[in-house]
Amino acid sequence: MRVSVNWLREYVDFDCSPDELAQKLTMVGLEVEESRLITAEEFAALGGSGEQDDIVWDTKVTPNRGDLLSVLGTAREVGAVVGRAARVPSSEVVQSGPKASQLINIRIDAPDLCRRYAGVVIRGVSVGPSPGWLRDRIIAAGMRPINNVVDVTNYVMFELGQPLHAFDYRLLRGPQIIVRRARTGEALTTIDGEKRDLDSDMLVIADAERPVALAGIMGGADTEITDRTVDILIESANFDPVGIRRTSKRLGLTTESSYRFERGVDPGVTDLAAWRAAQLIKQIAGGDVAQGIVDVYPSPVSPVVLTVRPQRVNAVLGTSIEPEVMVQILCSLGIETVFEDDILRCKVPTFRSDLCREIDLIEEIGRLYGYDKLPQTLPCRSLQGKDSREGAFTERVRRILISCACQEVLTHSLVDSRYASLVGKENEVVRVRNPLSEDLDSLRTSLAVNLLQVIARNQARGMESVSVFEIGKVFRRVSGDICETRSIAGAMVGNLWRSNWSLPSDALAADFFWCKGLVESLMDGLCIGGVAFERTRNPLLHPTRAAKVLAGGQEIGFLGEVAPEAIEFFDIKGRPCVFELDFEALMRNAPDAVSYKPLPKYPAVHRHLAVVVKESATYKEVRDVVVKSGGGILEEVCLLDVYKGPQIPPECRSLTLELVFRSSDRTLTDEEVNAVVEHIRSSLSDSLGAAFR
Amino acid sequence: MTQQENLECLRKQALEDIGRAESLAELDVVETRYLGRKGEVTQLLRTIGSLPPEERRSFGQRVNQIKEELAAVIQNRRNELSVVEISTKLQKEALDVTLPGRFFQVGRPHVLVETLKRIKDIFIGLGYEIVESPEIELYKYNFAALNYPEEHPALDEQMSFYITDDCLLRTQTTAFQHRVMEKRKPPIRVCTMGKCYRVDAVDATHSHTFHQVDCFTVDHGITMADLKGTLHQFAVEMFGRDVQVRFRPDFFPFVEPGAEVAVTCTICDGKGCGVCKGTGWLELAGAGMIHPRVLETVGIDPEEYTGFAFGFGVDRIPMIKYSIDDLRLFLENDLRFLRQL
Ligand SMILES: [Zn+2]
């Protein structure tokens with residue numbers, strides 16, 4: 001809210017400078033976000049008097065403190081801070097002629113949406129420009145002066161926080177005011193010239209025949225104050241915050257008035273504001289104020305009395321404030337407080353509807369005592385902190401992948417729903433109902449796709465080689481339920497050496513086997529055994545260069561070269577590879593603890609074996625036969641070379657294996673190793689028709 | 001010439017030859033010529049039978065003497081030549097050491113994930129248990145259980161992405177509070193962290209996605225002073241011993257009293273700069289004592305137990321630490337950016 005410091009001084013005295021005061025207010029919770037000087041010249045340029053400079057604050061009012069959306073409310077807070085009471089302006093006015101109740105009939109048909117409705121009538125006014133002092137105030141508050149009547153209604157709104165509306169009395173049919181819900185099909189042209197279609201959830205002010213104002217939000221054009229207006233009705237009412245908010249949102253229309261009603265207006269100030277407006281209008285626009293006020297207030301609100309236990313205050317704040325100090329603080333806020341029988345009895349004024357229970361008053365005491373004066377301690381009980389299981393596992397995975405030269409990245413979960421189609425999950429995609437834009441209309445189903453986008457973006461910026469990974473959530477809709485799970489993915493393209501003048505250019509290409517090696521290294525680092533890879537089909541992957549990853553016989557993810565469609569979708573150069581693993585499955589398979597195996601005592605025997613088999617036989621098949629025939633002394637099988645060429649029959653390939661034999665209880669002899677190698681050879685011949693070189 | 005004269009002559013010749021050998025290979029030839037099984041010195045020894053018996057002994061002794069001498073000289077020469085030869089070989093192997101190495105682009109942690117990890121470690125040290133929490137959250141947990149009235153202006157700051165009528169993308173990690181309190185009884189001291197979402201267009205300082213950390217504790221006798229002390233301790237560990245922490249009243253529906261927590265701007269040391277908008281303070285967290293109504297809804301008696309809660313945005317922390325002026329850099333994943341941190 002914009003607060004003029006000159007205006008503020010009309011209601012409260014303070015000796016410190018405006019900047020010091022702003023600082024003090026900020027420290028009690030009314031933040032003065034900005035303070036700026038508006039010079040007399042600037043006022044003149046904006047249509048003001050040009051008589052004096054002013055300082056205008058922008059205060060940040062929290063949603064619970066509607067009472068601070070007025071100069072008087074701000075003055076009350078200043079009063080509490082500087083220890084001086086704020087002055088409520090006089091609203092006395094000379095009344096004459098007929099009674100208001102003879103001039104206007106007011107009825108509330110929707111008491112749930114309107115707690116109180118008051119009207120005063122002023123006849124014979126001269127609508128014209130406002131005097132300089134009034135124009136200055138309106139300008140300082142951030143509005144444009146319009147005419148003396150409208151300016152007074154705005155002035156009183158800023159002054160007391162009570163939004164008002166002035167009707168041209170002669171244009172009201174009846175003359176009657178009915179506060180009711182709009183009827184289906186009704187429309188109202190508001191003073192901004194917009195025709196607004198109304199519905200039965202919206203509260204309107206109607207005369208005998210039609211809606212004349214959108215209650216608490218904006219008046220209608222038909223009955224607005226013009227140069228020709230002579231008699232006026234001032235409306236001062238109290239509308240339900242929720243109702244105003246719904247209508248304001250529905251219509252996309254927020255006004256100074258609706259903003260205040262949404263945050264709660266004091267039902268105790270309704271009549272005062274009406275009289276204050278009448279007083280000022282009579283003073284500057286002339287006319288006669290009709291006698292009395294028509295004030296429809298079916299269930300008057302009275303001040304709430306709360307009790308506060310001083311020891312509870314100190315127990316919550318961690319302080320030892322004396323009850324007398326508490327009394328003083330509460331009284332300075334306008335809360336009449338007495339201390340008796342170890343209890344504070346507090347009468348909360350109606351303008352502080354945010355104070356409903358003891359804890360609210362504890363906050364009042366705390367903030368005016370000063371948060372900076374509260375002691376600093378730590379909770380007495382000492383507890384053992386710990387990471388979540390997922391968090392600890394995430395750290396293990398991160399450490400391994402980072403040590404494998406992968407850059408960690410963090411991508412958005414909100415993505416284009418077309419990404420889901422790339423991984424064949426278009427039926428599982430979780431959509432956002434109100435997306436910011438079409439390319440953020442869903443939640444990611446896969447991390448790998450996001451990583452391809454990271455590759456594409458980096459390539460577009462000149463980085464051809466990329467190797468990245470991410471650990472994060474993915475979202476899927478599975479038979480109606482929304483599943484939120486964690487995933488681990490990596491993507492790579494190009495060459496992993498930055499400078500490769502001394503190596504063949506493809507020596508460390510980020511190809512399928514690099515990608516697979518990364519997954520194998522991860523499994524090894526996590527001590528996950530029994531990992532297998534099988535050919536698979538996956539829409540994201542190359543049809544013949546794709547593998548599913550199995551652990552403990554269960555599929556836990558995939559890896560492979562990216563399919564041409566996805567490469568084209570992201571416009572990637574080269575042939576990227578990706579892997580993606582299910583976090584929970586990986587965590588299930590990773591042992592929490594492993595035990596130490598003693599180092600071997602006896603030497604190993606190494607043998608090479610060049611196996612020539614049909615290309616249709618996979619390495620895994622060959623290896624399985626070798627391992628099965630290892631006679632209990634085969635420790636390790638390494639693939640040294642894969643060869644195809646002139647010396648090998650067509651449609652065959654030669655696999656050079658290094659076999660490592662070792663026994664845990666003796667030094668192996670050549671003879672026994674030879675026998676096992678011979679057995680391996682014959683098994684390979686028998687089961688796979690292998691030949692040997 | 002007598003045999004003795006021959007012998008001395010041969011010695012002289014051998015010593016000269018040894019001296020002339022310029023490589024280990026040549027020296028090997030010389031050694032074989034004189035000392036080999038068929039070498040000249042060895043041969044001379046075989047002629048001993050042709051000498052008169054009385055000379056045989058001294059001749060034999062002299063031959064052996066010379067053999068030993070030559071062997072020693074050869075060994076010396078060999079040592080000399082090896083040194084030369086190794087050094088020649090090494091000379092030939094000279095590299096241009098200024099050629100680039102096989103530079104391995106090491107992997108690095110992402111700066112935001114690493115910041116989260118750092119924060120997590122601090123809170124674990126302060127006795128907090130880290131708990132996981134969903135990003136797709138029920139309206140109930142995100143707002144209602146946190147004492148947000150329906151249709152309240154407090155919701156304006158938290159425009160949500162909706163998935164269904166009841167489900168939304170959480171706007172604050174605070175949503176985990178109720179979940180935890182439904183399952184646990186005091187003493188509770190927990191922390192969660194992760195992505196949050198609000199309907200907000202992306203620019204240098206705003207994004208629809210951001211990261212938050214939330215902590216809360218419920219126990220006998222928890223006070224606002226404990227909250228101050230805890231956040232001070234965190235700030236010191238995160239930003240260094242000289243940091244100052246400022247508490248100011250603020251409003252959040254789920255705490256009462258509520259506070260905004262700021263730390264001295266580490267960029268200007270509190271003197272005022274562009275990042276802190278000249279105030280010398282950077283807003284860090286929202287905090288407060290858990291509202292009694294929040295405790296009541298999960299059946300915790302607020303007369304018996306009190307608690308505090310605080311939450312803060314993580315993205316600001318590396319922005320402050322590394323003087324990063326554009327939030328978008330974190331999730332854009334430009335390697336030129338990520339590799340600097
Ligand atoms: Zn600064």
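Remember, predicted model here, so these are calculated numbers, not experimental data. Every chain is numbered from 1 and lettered A, B, ... according to where its sequence line falls, protein lines coming before strand lines.
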Could you point out which residue of Val236(B), Val261(B), Asp226(B), Val263(B) forms a side-chain contact (heavy atoms from CB on, under 4.5 Å) with Leu231(B)? Val261(B)
Relative to chain A, which segment of Tyr197(B) carries a heavy atom at a distance below 4.5 Å: side chain, backbone, both, or neither? side chain
Residue Val113(B) versus chain A: region with a heavy atom under 4.5 Å: both
Do the non-hydrogen side-chain atoms of Met289(B) and Glu256(B) ever get within less than 4.5 Å of each other? no
Side chain / backbone / both / neither for Val454(A) at chain B, heavy atoms under 4.5 Å: side chain
Can you tell which part of Asp219(B) gets under 4.5 Å to a heavy atom of chain A, answering side chain, backbone, both or neither? side chain
Under 4.5 Å from a heavy atom of chain A, the part of Asp121(B) involved: neither
Under 6.0 Å from the six-membered ring centre of Tyr371(A) and within 45° of its axis: does the NZ or CZ of Lys373(A) meet both? no
Taking C-beta and beyond as the side chain, do Met193(B) and Asp214(B) meet within less than 4.5 Å on heavy atoms? no
Do Phe469(A) and Val397(A) have side chains that get closer than 4.5 Å, going by heavy atoms? no
Between Leu168(B) and chain A, which part of the residue has a heavy atom less than 4.5 Å away: side chain, backbone, both or neither? neither
Checking Arg263(A) against Tyr259(A): charged group under 6.0 Å from the ring centre and within 45 degrees of the axis? yes
Is it the backbone or the side chain of Ser207(B) that comes under 4.5 Å from a heavy atom of chain A, or both, or neither? side chain
Okay, Tyr128(B) and chain A: the region with an atom under 4.5 Å from a heavy atom over there is backbone
Does any part of the side chain of Asp441(A), heavy atoms only, come nearer than 4.5 Å to the side chain of Arg431(A), both counted from C-beta? yes
Quick one: are the ring centres of Phe176(B) and Tyr141(B) less than 6.0 Å apart? no
If I measure from the heavy atoms of chain A, does Arg293(B) come under 4.5 Å with its side chain, its backbone, both, or neither? both
Where does Arg367(A) contact chain B at under 4.5 Å (heavy atoms): side chain, backbone, both or neither? both
Side chain / backbone / both / neither for Phe308(B) at chain A, heavy atoms under 4.5 Å: side chain
Which answer fits Thr306(B), side chain, backbone, both or neither, if we ask what part of it has an atom under 4.5 Å from a heavy atom of chain A? side chain
Per-residue contact mode, Arg398(A) against chain B (heavy atom under 4.5 angstrom): side chain
